[in-house]
Each structure stands twice: as structure tokens, then as C-alpha cells.
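Start at 1 with the first residue, then count along the sequence.
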Amino acid sequence: MNIVAVDPGTSNTGIVYMNERRIICAKTLHYKSTVKDDQYALRERADNIARQLLAWVADKPHEVIVMEGFVGGYRGRQGGYVFQTPYLCGFLHAALRGERIAIQTSRQVLNPKSRGNMAELRALMERGANPYPGCEHCTNDHLRAAACHGAYYLARKLRPSHA
């Protein structure tokens, strides 16, 4: 089963194409500037990310797109622009209408205290190990997170929603 796994972010979006056996390829959508609190720039950025994602998956047969969802919990100064990620997630869900989408939170997948988490897989990839064939494609944290979401989905064969 080939899948696309996405770690959405308005500055860096990680996209991984993989199956149960290996990570086939990966891409990071990286932006040098941030949109801060400019709502028009945020919409333009989300539209750009959606167009690039759709173009990238167009020639990659897949059964589902696994996407990290968003659960709030940030407090204080560091959470100032936290609204951008849920906005992007919603925008991508709309742009991917017709695709099968599975949603997971980082709390489920990356938290070492969560049952069946992929925290160790992420840590091994970060240290340069190759615990999953094709890990060499995951050259940054966004790609490693996307790959972990994909591995979590594949390990559980979770039911996606129909958009």
C-alpha cells in the first residue's frame, strides 16, 4: 500500500511517499520568510502549499494521504502564531477534496508516552540510523515527522475519512 504522509507547516511542510517496505521519496516545501499575522499572506501561502502538494502527489499512486492534524496546547509567547497550522490543515483538507485522508496528531504518533508511538523511529532517524529503508530521504525534522505519521498509519492500517 503506497501512501503520502504530510507534516503541514506554513514555513516547512514535509511530504513523504512510502509503503510498508520503504520510504520511496520525500520533499520539503520550505519558505524563507514567515507570514506572521498577515491573513492575506497566510491564505496565499496555504494556497501555494496546496498547489505544490497536489502537483507532487499527481504522479504517485497512493491509497491515502496521512496528515498530521493539530491539537492546541501552546501557551505564552511561543504560541503567538499557532493559528497558522490549523488554518493550513483546513485549507489542505479542502484542497484535497476527493482524496482519502487519515488524520493523526503528533500526540498520538510522536509522544513517547502514547501507546504504539513512533518516537524511537524518529530518534533513530535523527541520529542517522536507517531503521526504515529509505530513511536517508528524511533529511530534516519535518520529513522525519511525516515519515513517522506514515509508519504509524501503516502499522495500524487506520481507516481514512472520505473527503
Quiz item: How many angstroms lie between OG1 in Thr13 and CD1 in Ile49, if you round to the nearest 0.5 Å?
Solution: 4.0 Å
With a cut-off of 3.5 Å and sequence neighbours excluded, list every side-chain donor-acceptor pair involving residues 50-59.
residue : atom : partner : partner atom : Å
Arg51   : NE   : Asp47   : OD2          : 3.1
Arg51   : NH2  : Asp47   : OD2          : 3.4
Gln52   : NE2  : Tyr31   : OH           : 3.0
Gln52   : NE2  : Asn48   : OD1          : 2.5

Quiz item: Would you say Asn111 and Ser106 make side-chain contact, with heavy atoms under 4.5 Å?
Solution: no
Exercise. Tell me yes or no: between the side chains of Gln108 and Ser114, is some donor less than 3.5 Å from an acceptor?
Key: no
Quiz item: Taking only residues two or more places apart in sequence or in another chain, which ones pass side-chain contact (heavy atoms from CB on, under 4.5 Å) with Thr28?
Solution: Asn12, His30, Asn140, Leu143
Self-check item: Gap between atom CG of Leu121 and atom SG of Cys135 - 0.5 Å precision
Solution: 6.0 Å
Quiz item: Just by modelled atom types, is the Gly9 backbone N or O under 3.5 Å from a matching donor or acceptor in the Gln84 side chain?
Solution: no
Self-check item: Donor + acceptor pair across side chains of Asn2, Asn19 (<3.5 Å)
Solution: yes
Self-check item: side chain to side chain contact (heavy atoms under 4.5 Å, CB included) between Val16 and His137, worked out
Solution: CA-CA 9 Å; Val16 174; His137 295 295; over 6 Å; no
Quiz item: Which distance, rounded to the nearest 0.5 Å, do you find between the CZ of Arg100 and the CD1 of Ile65?
Solution: 11.0 Å
Quiz prompt | Cys138 to Ile23 - nearest heavy-atom pair and separation | solution = SG-CD1, 3.7 Å
Exercise. Side-chain contact test, heavy atoms from C-beta onward, threshold under 4.5 Å: evaluate it for Pro86 versus Phe91 and give yes or no.
Key: no
Quiz item: Under 4.5 Å between any side-chain heavy atoms of Met18 and Ile24, yes or no?
Solution: no
Self-check item: For Ala41 against Val35, the heavy-atom pair lying closest together
Solution: O-CG1, 3.6 Å
Practice problem: Find the distance between CG (Leu88) and CZ (Arg43) and round it off to the nearest 0.5 Å. | Solution: 12.5 Å
Quiz item: Considering all heavy atoms of both residues, which atom of Met118 and which atom of Ala155 are nearest to each other, and what is their separation?
Solution: CE-CB, 4.2 Å
Self-check item: Nearest atoms (heavy-atom pairs only) where Lys36 meets Phe83
Solution: O-CZ, 3.7 Å
Quiz item: Is Arg144 salt-bridged to Asp7, cutoff N-O under 4.0 Å?
Solution: no
Quiz item: For Pro112, does its backbone N or O pair with a side-chain atom of Asn117 as donor and acceptor, under 3.5 Å?
Solution: yes
Quiz item: Are Glu120 and Arg127 ion-paired here, with the side-chain N under 4.0 Å from a carboxylate O?
Solution: yes
Quiz item: Can you tell if the side chain of Pro8 reaches within under 4.5 Å of the side chain of Glu68, non-hydrogen atoms only?
Solution: yes
Practice problem: Evaluate the criterion side chain to side chain contact (heavy atoms under 4.5 Å, CB included) for residue pair Ile15 and His142; output intermediate values, then yes/no. | Solution: CA-CA 8 Å; Ile15 313 168; His142 311 287; over 6 Å; no
Quiz item: Under the side chain to side chain contact (heavy atoms under 4.5 Å, CB included) criterion, do Leu154 and Tyr132 qualify, and how do the steps go?
Solution: CA-CA 12 Å; Leu154 290 166; Tyr132 203 98; 3.7 Å; yes
Quiz item: Has the side chain of Arg156 got a donor or acceptor atom that lies under 3.5 Å from a matching backbone atom of Tyr152?
Solution: yes
Quiz prompt | Which atom of Tyr17 lies closest to which atom of Val4, heavy atoms considered | solution = CD1-CG2, 3.9 Å
Quiz prompt | NZ-CZ distance between Lys113 and Arg107, expressed to the nearest 0.5 angstrom | solution = 12.0 Å
Self-check item: Exercise: identify the closest heavy-atom pair between Ala145 and Arg122
Solution: CB-NH2, 4.2 Å
Quiz item: Would Leu42 and Thr10 satisfy side chain to side chain contact (heavy atoms under 4.5 Å, CB included), going step by step from the backbone distance to the final call?
Solution: CA-CA 8 Å; Leu42 177 58; Thr10 57; 3.7 Å; yes
Quiz prompt | Non-hydrogen side-chain atoms of Met1 and His62 separated by less than 4.5 Å | solution = no
